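For clarity, every value in this text was computed on a predicted model and none was experimentally measured. So you know, we letter chains A, B, ... as the sequences are listed, proteins then strands, and number each from 1.
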Amino acid sequence: MIVTRRWLEDFIDLDGIDDDKLYATFNSIGLEVDSLKRYEMPAGVVVGRIVSCEKHPDADKLNVCQVEVGGELSQIVCGASNVVDAEYVAVATVGAVLPGDFKISPAKLRGVESFGMICSSTELGLPEMGDGIMILDDSIGELIPGRELKEYDQLNDTVVELELTANRGDCLSVHGVARDLGAVFDREVKPSTKKPTRFLGRGIGRILELKTDGEISADLQYCIADAGRLSPDFLTSLRLAFVEEKSSTAIDSILKYAIHSTGVILRAYDAVRLKNDDGIVELHISESRKGLVDVKCGGKELSIVGVSQNGEFSANEYSEELLLEASYIEPEILVDAVASESPECDALYYRSSRGSEPDLKLGMECIGALCESAGECEISEDVVRIEKIRRRHAISIELDRLSSIIGTRIQRGTVYTILTRLGFEIHGNSSSDKFGAVPPAWRHDMTNIHDVAEEILRMVGIDNIESLPTTIVEKRRLTPATLLYRMKRDIRQRAVSAGFYEAVTYIFASRQRLESYGFDTVSREKELVNPIVEEMDTLRTTLLVNLLEAVSRNVSYGKKSIPLFEIGTVFDSLRDEKEKIAFVWSGEERRASVVNHGKPSMVDMPFFIEKISSVTGDISLTGCSEKNGLIHPYRSADIIISGKRAGFVTKLHPEVAEEMGIDECYIAEMDLEAILPKHKNASPISNYQGVYKDLSLLVDSDSRYEGIEEALRRFEEPLLRRFFPVDIFESESLGEKKSLTVRFYLQSDEGTLSDEEIERCMGGILEHLERECGASLR
Amino acid sequence: MENLERKIVDTGSLEELERVRIEIFGKKGALAAEFARLKDIPGPEKKAFAQGLNDTKARLQKLYDERYESLKSEETARRMREEALDLSLYSNISEKGALHPVRETMDRIVDYFVSLDFAVESGPMVEDDFHNFEALNLPKNHPARDMQDTFYFGDGKLLRTHTSPVQIRTMMREKPPIRIIAPGSVFRRDYDLTHTPMFHQVEGLVVESGEKVSFANLKWILTDFLHYMFGDVDVRFRPSFFPFTEPSAEVDISCIFCEGDGCRVCSHTGWLEVLGCGVVDPNVFEAVGYEDVSGYAFGLGVERFAMLMHRIPDLRSLFEGDIRLLEQFR
């Protein structure tokens, strides 16, 4: 919503309030200032009166004008086509400096001397006002040739753009904004002094008949006006330019100005086209559905109140007689109706849906005055109107309650004054701490004491409220979510220590992509219906695809070592949510440095697993049961934690790697729940020395260590505390076998182990493995 | 005797000194030989002779000890010089990764509120209209719904547009007092220079029975919070409008880039908007069945905080796993 200082001054005296104060005040009362621009006429630009205007002898498009500028005639050459119609113009005299550092000097245009320049609005730093030069009239004050434009207040203005919140429909007009300023500055706000003075001889009752069907939810008011030749005055056009309202015809300008100024919804129809054979306009008002009020004439739809207007009957530049309509309907009723019927809405719906100005008289008077100043136009003195009876409810105000909402004691007098200034009607005893206040008709957002508290707060000024810490009662607040947050933080820190960078990717993914990699997708009925882009048309069912895309990007940025991890939510086909953790490592193990002589190794599986386990703790790896397109069939495994399948790890399938332009890449994804810390209990520790013993076993080349592991788990031997593989050796000399060295740790709780005990134990192990796994000693 | 002293003093290394030690102090050494002569010395002179020998021995021992210490420290010094390493070659070789600046900023925000006795709460990303809009005093068709563009699913559910649903769920599950923050991902259908379809918020809610909680309390905690996050900045509250709070305010800090002079970041206003807040609207309490309570709520965009605090220029870069950005936070 754009307002200007001068326009506001039509309603309120802003003496003593400079631009800085205005800016600060708007912000402090909740009308946020988006921008504030000051317009000032340069010195040396004066009013000029064109005495004569002749075509330039040598140039088709130029005219030579004799312009009266302060008692003398100046010859000025001008290229604008509209100069031939102009009487009073803005003349930049020699020596003046226009915006853009443009200095005016005497010149010769095609051989004809020119002393000064007749200006267009933009040349003076004003907004654009049509093609050609700016034509002045006395709407800005008495035009005296030679008088500096600096002295005409209306041309020196401050334009403020306000960002209004959705509940302040009442401030969608200059009058409305002035009202709010009047409340905070405690100054009187008067409706504009512009009122029509001349009226049509004939009464409107002779021309207009109104019929209504039952009770109508809207207020409507009608006037007739003789249009004559309308031409909005300069001030009207200037202000419309300041507030960035573009209009095509004179009647359009007038309507837009009146609407912007008063906030009333105004429409104009061509009365001649609506007259029946008897010369009467018969209007039929009906409400097809609560909230949608139709205005019809002779069976044809003219408009729906607050929603739209039929262009066929709208007044245009050729209309000789106008039917003017002012309307109001409560926004709550209108919005509900529009939502269920979805009619097409025009630009005015923005206003009516937020609550337009209910005082229709203000709008009619404004438009009447404008028509009068725009031409030989007279408006009917009386109106035809329908008005809905609305009960305005009082809000019960308890001073104690107000004070406790705000947090500081508010004086009764302060509340009374503020509410009165804001247009509330106070009922009840004004010296009591409890009273009723009826909100003004233009504030449909006032429903309860909280709304009133906001008004008090913004008028008093939030800065003037002393802040207070809250006193609370102790209560345990370690919710599961709080604890989970901390656990995740610890896990993330470990991942960072291990060398990973934390990525945050979108929960969206491309359905086509996920499916092409063999991942599940959310079922169709539960799918997104309005994705923002095609590549993000579904919810991700894995973290890995988005992470791999990030890897691919990093490769293109020239990164040689790309370790990323992410903890995030994924969805399943039923769209249920689950948190997972995923790791990817592509390229080099570490950064090039003196340590690795500038040639770091490429990441490999053991390295990747070490890195992941430093975050998750020990993980068991077994045959891979996961099936998707990213899995390398021979270099992948299921991740088992505490006996449960938690996820999978794999080298990225070479085809996918190639497609994405990624080098050696390892990926893993697990349920987050599986790696959350668990409670641990201590076990007794033996004081006696244990021993390490290695066994090198010959096993089938294609056998897996987990076979040996499983067999050893089944072997009951209390002295065997730990075992783990330490070497694998493959060679042609071994034929179809490979050598697997396993290290055993034996320990007793009763005493130091004797050689015989060790022999016996190892012998038993070997025998067991020979039997269960077909392994033999190398 | 001087000969022996000379020998000790002239040794050039610990090995040499050891040889000299054996020569002088050893079982077959010079001193031993002299002591052996004792039996041949006539009686009355024995004592003097032995005394003289002991003195000599003591002197030599002292010289030896001194020489030993001296050679030892030279040896140590020499060895240390051999271990000389130009450590500047090993600057900046850390393999540490980094936390994501948005997540890390969220951690910092959560820390503040947890320290002031707030509990963390969480909720689903897929929500329904009631929890995301209606219960928050945003009935269908309200123009204020235009403020947010929503992602919808075929079955009528939606992706939450703020973390306020978590507050509703908490209130429907528990009785007051409530003192929670809800950090999490939120989703809006907007994708341009300053908007991403997914971003992070932290919203807070305090509810106490009776009339204990006021706007003044809200002013206190948010002012303190902003000083904690941004240091000594000016804090400005501007009345505003949110459907679920009344009175409402938007909170600005004085621009940390130009310190209030005006720059591109603050659009030459000298202020940066960082928070929304207000006293909870009674309609919200009604929707969750609370009676006779008062409360306040606030919300902030984590990306906004992270970008301001760490001078991150481009919002979209935060979602690309771009190591060129992430490695700057090691």
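Heavy-atom pairs under 4.5 Å with chain B peak, among A/Val473, A/Leu457, A/Leu483, at A/Leu457. Chain B forms the most heavy-atom pairs under 4.5 Å with one residue out of A/Ser561, A/Ser467, A/Gly407, A/Gly30, and that residue is A/Ser467. Here B/Glu246 is the residue among B/Arg330, B/Glu320, B/Glu246 with the most heavy-atom pairs under 4.5 Å with chain A. With respect to chain B, the highest number of heavy-atom pairs below 4.5 Å among A/Val551, A/Ile456, A/Asp451 belongs to A/Asp451. Ranked by non-hydrogen atom pairs under 4.5 Å with chain B, the options A/Arg458, A/Glu332, A/Glu527 are led by A/Glu527. The candidate with the highest count of non-hydrogen atom pairs below 4.5 Å against chain B, out of A/Arg476, A/Glu577, A/Glu589, is A/Glu577.
The CG atom of A/Asn554 sits 7.5 Å away from the CZ atom of B/Arg324 when rounded to the nearest 0.5 Å. With values rounded to the nearest 0.5 angstrom, A/Lys488 atom NZ is found 10.0 Å from B/Asp107 atom CG. Taking CD1 of A/Ile405 as the start and OG of B/Ser294 as the end, the distance is 9.0 Å to the nearest 0.5 Å. Atom CZ of B/Phe242 sits about 9.5 Å away from atom OG1 of A/Thr165, to the nearest 0.5 Å. Atom NE2 of residue B/His195 and atom CD1 of residue A/Ile532 lie 10.5 Å apart, to the nearest 0.5 angstrom. Note that the CG atom of B/Leu99 and the CZ atom of A/Phe565 stand 6.0 Å from one another [nearest 0.5 Å].
A salt bridge between A/Lys559 and B/Glu327 is present, with a side-chain N of the basic residue lying under 4.0 Å from a carboxylate O of the acidic one. Note on A/Arg489 versus B/Asp111: salt bridge recorded, some NZ/NE/NH1/NH2 to OD/OE distance being below 4.0 Å. Salt bridge A/Asp463/B/Arg236: absent, no basic N to carboxylate O contact under 4.0 Å.
Looking at every heavy atom in both residues, B/Asp117 comes nearest to A/Ile472 through OD2-CD1, 3.7 Å. What you find for B/Ala249 and A/Ile462 is that their closest heavy atoms are CB-CD1, 4.0 Å. Closest approach of B/Glu104 and A/Arg492 over heavy atoms only: N-NH2, 4.1 Å. The two residues A/Ile567 and B/Arg103 make their nearest non-hydrogen contact at O-NH1, 3.3 Å. The two atoms that bring A/Glu454 and B/Pro247 nearest to each other are OE1-CA, 3.1 Å, heavy atoms only. Scanning all heavy atoms of the two residues, the minimum distance from A/Val504 to B/Met198 falls at CG1-CE, 4.0 Å.
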Check: Where do B/Asp155 and A/Arg575 land on the salt bridge (charged side-chain N to carboxylate O under 4.0 Å, His left out) test, with the steps shown first?
Finding: CA-CA 11 Å; B/Asp155 62 350; A/Arg575 209 182 51 204; 2.9 Å; yes
Next item on the list: Kindly determine whether A/Arg591 and B/Glu95 satisfy salt bridge (charged side-chain N to carboxylate O under 4.0 Å, His left out), including the steps that lead there.
Entry: CA-CA 7 Å; A/Arg591 295 142 93 223; B/Glu95 292 299 317; 5.0 Å; no
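For the pairing with A/Arg486, the side-chain contact (heavy atoms from CB on, under 4.5 Å) check across B/Val110, B/Val120, B/Val114 returns one residue only, B/Val114. Remark: of the listed residues A/Val529, A/Val522, A/Leu539, A/Leu539 is the sole one forming a side-chain contact (heavy atoms from CB on, under 4.5 Å) with B/Phe153.
Residues A/Tyr506 and B/Thr196 meet the side-chain proximity criterion, which asks for heavy atoms closer than 4.5 Å. A/Asn530 is not listed as a side-chain neighbour of B/Thr150, based on a closest heavy-atom distance of 4.5 Å or more. By the 4.5 Å heavy-atom criterion applied to side chains, B/Pro183 and A/Tyr485 are counted as neighbours. Looking at heavy atoms from C-beta onward, B/Asp322 lies in side-chain contact with A/Tyr557 at the 4.5 angstrom threshold. Considering only heavy atoms from C-beta on, B/Phe319 stays 4.5 Å or farther from A/Thr505 through its side chain. Side-chain contact between A/Val595 and B/Ile93: present, with at least one pair of heavy atoms (C-beta onward) separated by less than 4.5 Å. For the pair A/Ile465/B/Phe237, no side-chain contact is recorded, criterion being any heavy-atom separation below 4.5 Å from C-beta on. Within the 4.5 Å cutoff, no side-chain heavy atoms of A/Thr569 are placed close to those of B/Ser185.
Centroid-to-centroid, the aromatic rings of B/Phe329 and A/Tyr501 stay 6.0 Å apart or farther.
Within a 6.0 Å sphere centred on CG of B/Asn92, heavy atoms belonging to other residues, nucleotides or ligands number 12 at most. Within a 6.0 Å radius of NZ in B/Lys96, other residues, nucleotides and ligands contribute more than 12 heavy atoms.
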